[in-house]
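Here's the structure, in structure tokens; my notes come after.
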Amino acid sequence: MSQDAHGSHFNTPIPYKLHVDEELLANTKQKLQLARHPEEQTDIRDDDWNQGAKVRVVKRLADYWKDDYDWRAEEAKINQEFEQYTVKIDIPDYGPQVLHYVHARSSSPTAVPLIFVHGWPGSFLESRKILKPLTSPSNPKDQAFHLIVPSLPGYGPGPAPQKSGFGPVTSAKAFKLLMVDVLGYNKFVTQGGDWGAFVTRSLAMQYPQHVRACHTNFMSCEPPAWYKAPLTLARLVLNSWLYTAREKQGLEMMQYYLREQIGYLKQQTTRPQSLGFGLGDSPIGLLGWLVEKYHEWMDVAHYTQPDEEVLAFVMMHWMSGVTPGLRFYKAALQEKGPSCVKNAFTTYLGTPFGFSAFPREIASPPTDWIRPVCNLQWYREHDEGGHFPSVECPEKLVGDLREWFGGEVVRKAMER
């Protein structure tokens, strides 16, 4: 879909059905047929991913994608499960942009509007397992939601931004227009992980009159001063005494991420377009780039991602040409203001805030790191789950959202 599909009609939703061009599907199979794979070194264990994606895993997925994966069947299921729309909006300080989004209304008279914002390397498909439980709970006593799931432009359906500078701050402005001006939700709550955490914090900072409560599973905040001090006996004692086993595990995961996994971030924030030439033209290259992240950031001890799910996630990036999603990283560092990436987790947010801590999340710090930057009113630790809780352990995330947003604090905030 192009930016011109809506013409001059702003704020007017148009029903949307996902459809990938047949030519792209045919070209993808040809490219997979011609793919060249690296070889594993003989002394590397079969379960050792520290050199990157495993050849056997990527090759198996590529062969399945090439020979047996039925994208048309998957596409039909997505269109059946999701009520999708596109809408053209005029974003302050940016200009016109067409958004793709899912809008799932609940029949409950007490349903709370909830915007769910995904990150990288995800898409709106991250909401697939939580959509029905949140909008149509089996227990009528459980809090229900009107669920709105926008796609970050460039991540899957809908046109990519044609101008530079579309990062989390601009996304927040766009999603405010979507929620308030297009859908008429003057008061709502938010959930976001990865980039979604930055976007929803920016939403709350820019529009506190609309965002009444926030929830996240990802916090990229700075440690307290004592933790940054030189390694001393006092610090060691404090570290041992203050933190729970789960918080210590979160610190270890953050340190591992910074030591072993941050290379992609440097590349995507500096030269995304150069990377796009390779990943945007090579399905095997994109598969390797993303599969490694799914493996490293998911709690694979408790969740095995089905091949169909992996390929559906990868297709959301492949269909968009890959590069637009990478450019989001560059744009994020170019934005300015108190809610930009550099300030989003150092500026205090007074909106009531809930946090779910999952052990394999790459940014799940202790509570004494979190409290200085937000009005933390609700916190829960989990013994399983990672960067994609809506995918890995949806029942846990759904339970957290129901409890936090269905509680007295949020109820009073919504009534103001």
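Here the structure is a predicted model, which means the values were calculated and not measured.
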Distance, nearest 0.5 Å, that separates [atom1] of [X] from [atom2] of [Y]:
{"X": "His317", "Y": "Leu287", "atom1": "NE2", "atom2": "CG", "answer": "12.0 Å"}
{"X": "Met179", "Y": "His210", "atom1": "CE", "atom2": "NE2", "answer": "10.5 Å"}
{"X": "Leu147", "Y": "Phe116", "atom1": "CG", "atom2": "CZ", "answer": "7.5 Å"}

Gln51 vs Asp48, side-chain contact (heavy atoms from CB on, under 4.5 Å): CA-CA, chis, key distance, verdict
CA-CA 8 Å; Gln51 293 202 23; Asp48 185 349; over 6 Å; no

Suppose the criterion is ring pair (Phe, Tyr, Trp, His ring centres under 6.0 Å): which pairs have a residue in residues 17-57, not counting sequence neighbours?
Trp49-His295

Looking at Glu81 and Lys129, is there a salt bridge between them, counting it only when a charged N and a carboxylate O are closer than 4.0 Å?
no

Glu83 bridged to Arg105 by N-O distance under 4.0 Å:
yes

Those residues that, when tested against Ala344, pass side chain to side chain contact (heavy atoms under 4.5 Å, CB included) (two or more places apart):
Phe198

Contacts of type side chain to side chain contact (heavy atoms under 4.5 Å, CB included), residue Asp63, not counting sequence neighbours:
Lys59, Lys66, Asp67

List in chain and number order the residues that pass ring pair (Phe, Tyr, Trp, His ring centres under 6.0 Å) with Tyr207, two or more places apart in sequence or in another chain; answer none if no residue qualifies.
none

Please name all residues satisfying ring pair (Phe, Tyr, Trp, His ring centres under 6.0 Å) with Tyr185, sequence neighbours left out, ordered by chain then number.
His103, His146

Working note: Tyr69 + Trp318, criterion ring-ring contact (aromatic ring centres under 6.0 Å, His included); need CA distance, chi angles, decisive distance, verdict.
CA-CA 15 Å; Tyr69 182 56; Trp318 181 245; over 10 Å; no

Check the surroundings of atom [atom1] in [X]: do more than 12 heavy atoms from other residues, nucleotides or ligands lie under 6.0 Å from it?
{"X": "Glu408", "atom1": "CD", "result": "yes"}
{"X": "Arg271", "atom1": "CZ", "result": "no"}
{"X": "Lys29", "atom1": "NZ", "result": "yes"}
{"X": "Tyr256", "atom1": "OH", "result": "yes"}
{"X": "Gln209", "atom1": "CD", "result": "yes"}

Which residue in the set Arg360, Glu361, Glu296, Glu392 passes side chain to side chain donor-acceptor pair (under 3.5 Å) when paired with His387?
Glu361

Determine whether Arg212 and Val410 satisfy the following criterion, side-chain contact (heavy atoms from CB on, under 4.5 Å), listing intermediate values before the conclusion.
CA-CA 7 Å; Arg212 295 310 172 94; Val410 178; 5.8 Å; no

Contact list for residues 156-180, test salt bridge (Lys or Arg N to Asp or Glu O under 4.0 Å), sequence neighbours left out:
Asp93-Lys173, Lys176-Asp181

Just by distance, do the side chain of Glu335 and the backbone of Thr170 share a donor-acceptor pair under 3.5 Å?
yes

So, using salt bridge (charged side-chain N to carboxylate O under 4.0 Å, His left out) as the criterion, who are the partners of [X] when residues are at least two apart?
{"X": "Glu260", "result": "none"}
{"X": "Glu308", "result": "none"}
{"X": "Arg380", "result": "Asp400, Glu403"}

Over 60° means perpendicular and under 30° means parallel, so classify the ring planes of Phe166 and Tyr94, tilted if in between.
perpendicular

Could you go step by step and tell me if His215 and Phe355 meet the ring-ring contact (aromatic ring centres under 6.0 Å, His included) rule?
CA-CA 6 Å; His215 181 274; Phe355 183 77; 7.5 Å; no

With Thr347, which residues qualify under side-chain hydrogen bond (donor to acceptor under 3.5 Å, both in side chains), at least two apart?
none

What pairs with Asn79 under side-chain hydrogen bond (donor to acceptor under 3.5 Å, both in side chains), at least two apart in sequence or on another chain?
Gln84

Go through it in stages, so that I can follow the logic: the residues are Phe124 and Tyr155, the test is side-chain contact (heavy atoms from CB on, under 4.5 Å), and I'd like the CA-CA distance, side-chain angles, deciding distance and then a yes or no.
CA-CA 8 Å; Phe124 78 98; Tyr155 289 67; over 6 Å; no

Going by side chain to side chain donor-acceptor pair (under 3.5 Å), name the pairs with one or both residues in residues 272-294, residues two or more places apart or in two chains.
Lys31-Asp281, Gln268-Trp289, Gln273-Arg327

Ring centres under 6.0 angstrom apart (Trp120, Phe328):
no

